[in-house]
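The basis for the numbers below is simple: all heavy atoms, side chains too, and nothing from hydrogens, waters or symmetry mates. Please read all numbers here as calculations on a predicted model, not as lab measurements. Residues: numbered from 1 along the sequence shown.
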Amino acid sequence: MSLTITETINWLKDVRKEGSNKVFTMYLNTDRSDPNQQGGEWKIHLKNGMRNFETYLQQDDNKEELANFKKVKKKAMDFIKENELHFQRGIIIYATADDDIWFAKCVQMRLEDKFYWQETPEINQLIKLKERYPKLGIILVQQNQIKVIDSETNRIMDTTHFELDVATEDWRIKQGPRRPSTAGAGGPNVQKDSLESRFSANQHRWYKKIAPKLDKIAKDNQWERLYMVGEGDSTKDLEKLMHRPIDAVLQKNMLDHEETKVLDEVLA
């Protein structure tokens, strides 16, 4: 299981290297929407940042430290090359030549270009990232449909879609695209009215079945904040049945919206 940003920060706070085995820290702005990045300027900033360290170490005639830096540089450049087609707004890298430290992540946050080669990792921008975009969950509710979004650093990590099987009264993980629910014979309007009538009468009991599952998902994903999105009494009823406190409720029907749009709305 990969570390959360909070766990990563706590880990890096205790890192300190001695001698020639320094820690490399890089924050690189790769945001294509940035007016200053229209010509791929990140490549120039990357080249200059790396070259400055090499030049300094060559002038200092510290061959062992220079060799360590070149190892770290190769690992960083390999990561950038492998992920260039999937760039978001920025890249964060912490690394040492002995592989004791290796953290490389493309993030959905515009960063200030900074490069460090020192005894400790420089984690200031990572802390800001965590404060602006905590590890969070979003529960979207629409009667017999519940979608759960797991997000970290403004990225969608996972999505789980539950659908109530009215016949068995079981909540099942739904696979594939959503389709209109059916609730017996008759046309679409009859089926919808029948479902709404049954759901109104049984909502509390049915939500009571899924609330523990949602609590477990929240615990397993170590959410620092939890939002609920939905209209009417559905969110109010489900919120009361969950043990994990809800940090905020948005009275909007967004279950069918793209997950990134939901995340933008929650964090607005």
Answer with yes or no whether the side chains of E163 and Q145 bring together a donor and an acceptor at under 3.5 Å.
-> yes
Do E152 and T4 meet the criterion of a side-chain donor-acceptor pair at a distance under 3.5 Å?
-> no
NZ (K22) and CD (E119) are apart, to the nearest 0.5 Å, by 5.0 Å
Is it the case that more than 12 heavy atoms not belonging to K209 sit under 6.0 Å from its NZ atom?
-> yes
List in chain and number order the residues that pass side chain to side chain donor-acceptor pair (under 3.5 Å) with R155, two or more places apart in sequence or in another chain; answer none if no residue qualifies.
-> none
Could you pull out the closest heavy-atom pair between I93 and A104, with the gap in Å?
-> CG1-CB, 3.9 Å
Pairwise distance CG(D60) to OG1(T55) - rounded to 0.5 angstrom = 12.5 Å
F79 and W102 aromatic ring geometry - parallel, tilted or perpendicular at 30°/60° bounds = perpendicular
is_close_aromatic(F87, W42), centroid dist under 6.0 Å = yes
Steps toward side-chain contact (heavy atoms from CB on, under 4.5 Å) verdict (M109, T153) | CA-CA 8 Å; M109 173 182 170; T153 60; over 6 Å; no
Closest non-hydrogen contact found for D247 with E224 is OD2-O, 4.3 Å
If you round to the nearest 0.5 Å, how far is CD1 of I9 from CD1 of I123?
-> 6.0 Å
On a heavy-atom basis, the closest approach of Q203 and D233 is NE2-O, 3.5 Å
With distance as the sole test, does N221 use its side chain to make a donor-acceptor pair with the main-chain N or O of I217 at under 3.5 Å?
-> yes
Between Y27 and Y116, how do the two ring planes meet: parallel, tilted or perpendicular, split at 30° and 60°?
-> perpendicular
Of L140, D264, I149, the one forming a side-chain contact (heavy atoms from CB on, under 4.5 Å) with E259 is I149
Are more than 12 heavy atoms from other residues, nucleotides or ligands located less than 6.0 Å from atom NZ of K17?
-> yes
Check whether any side-chain heavy atom of Y227 sits under 4.5 Å from a side-chain heavy atom of I139, and report yes or no.
-> no
According to the interplanar angle, ranging from 0 to 90°, do the rings of F103 and Y94 count as parallel (below 30°), tilted (30 to 60°) or perpendicular (above 60°)?
-> tilted
Any W117 side-chain heavy atom under 4.5 Å of Y56 side chain | no
Ignoring hydrogens and angles, tell me if any N or O in the side chain of Q142 forms a donor-acceptor pair with the backbone of N253 under 3.5 Å.
-> no
Residue pairs fulfilling side-chain hydrogen bond (donor to acceptor under 3.5 Å, both in side chains) with at least one residue in residues 67-84, sequence neighbours excluded = S20-N68, E54-K73, K74-D78, K75-D99
Please report the shortest heavy-atom distance between S234 and V141, naming the atom on each side.
-> CB-CG1, 3.7 Å
Judged by atom type as modelled, is there a donor-acceptor pair below 3.5 Å linking the side chain of D113 to the main-chain atoms of N29?
-> yes
Value rounded to 0.5 Å, distance of CZ in R244 from CD in E239 = 11.5 Å
Check whether I173 and L238 end up in the same hydrophobic cluster, where Ile, Leu, Val, Met, Phe, Trp and Tyr are linked by side-chain heavy atoms less than 4.5 Å apart.
-> yes
Can you find a heavy atom in the side chain of E265 that is under 4.5 Å from one in the side chain of L250?
-> yes
Trace of the side-chain contact (heavy atoms from CB on, under 4.5 Å) decision for F115 with L46 | CA-CA 9 Å; F115 299 81; L46 174 62; 4.1 Å; yes
Least distance between heavy atoms, W171 atom then W206 atom | NE1-O, 2.8 Å
Between the main-chain N or O of L255 and the side-chain N or O of K147, is there a donor-acceptor pair closer than 3.5 Å?
-> yes
Indicate if I127 and Y133 have the same hydrophobic cluster label, given that clusters are the connected sets of ILVMFWY residues with side-chain heavy-atom separations under 4.5 angstrom.
-> yes
How about M26 and I91: do any of their side-chain heavy atoms sit closer than 4.5 Å?
-> yes
What distance separates Q251 CD from M228 CE, expressed to the nearest 0.5 Å?
-> 10.5 Å
Determine, stepwise, if the pair V107 / L126 fulfils side-chain contact (heavy atoms from CB on, under 4.5 Å).
-> CA-CA 10 Å; V107 298; L126 186 64; over 6 Å; no
Could you go through the side-chain contact (heavy atoms from CB on, under 4.5 Å) check for R110 and S33 one step at a time?
-> CA-CA 10 Å; R110 186 179 297 178; S33 66; 3.6 Å; yes
For the residue pair I246 and M242, what are the closest heavy atoms and their distance?
-> CD1-SD, 4.3 Å
side-chain contact (heavy atoms from CB on, under 4.5 Å), paired with V23, selected from V72, D100, T96 = T96
Side chains of L241 and L214 in contact at under 4.5 Å (non-hydrogen atoms) | no
Value rounded to 0.5 Å, distance of CD1 in I156 from CG in L263 | 4.5 Å
Hydrophobic cluster membership, M77 vs L66, 4.5 Å side-chain cutoff | yes
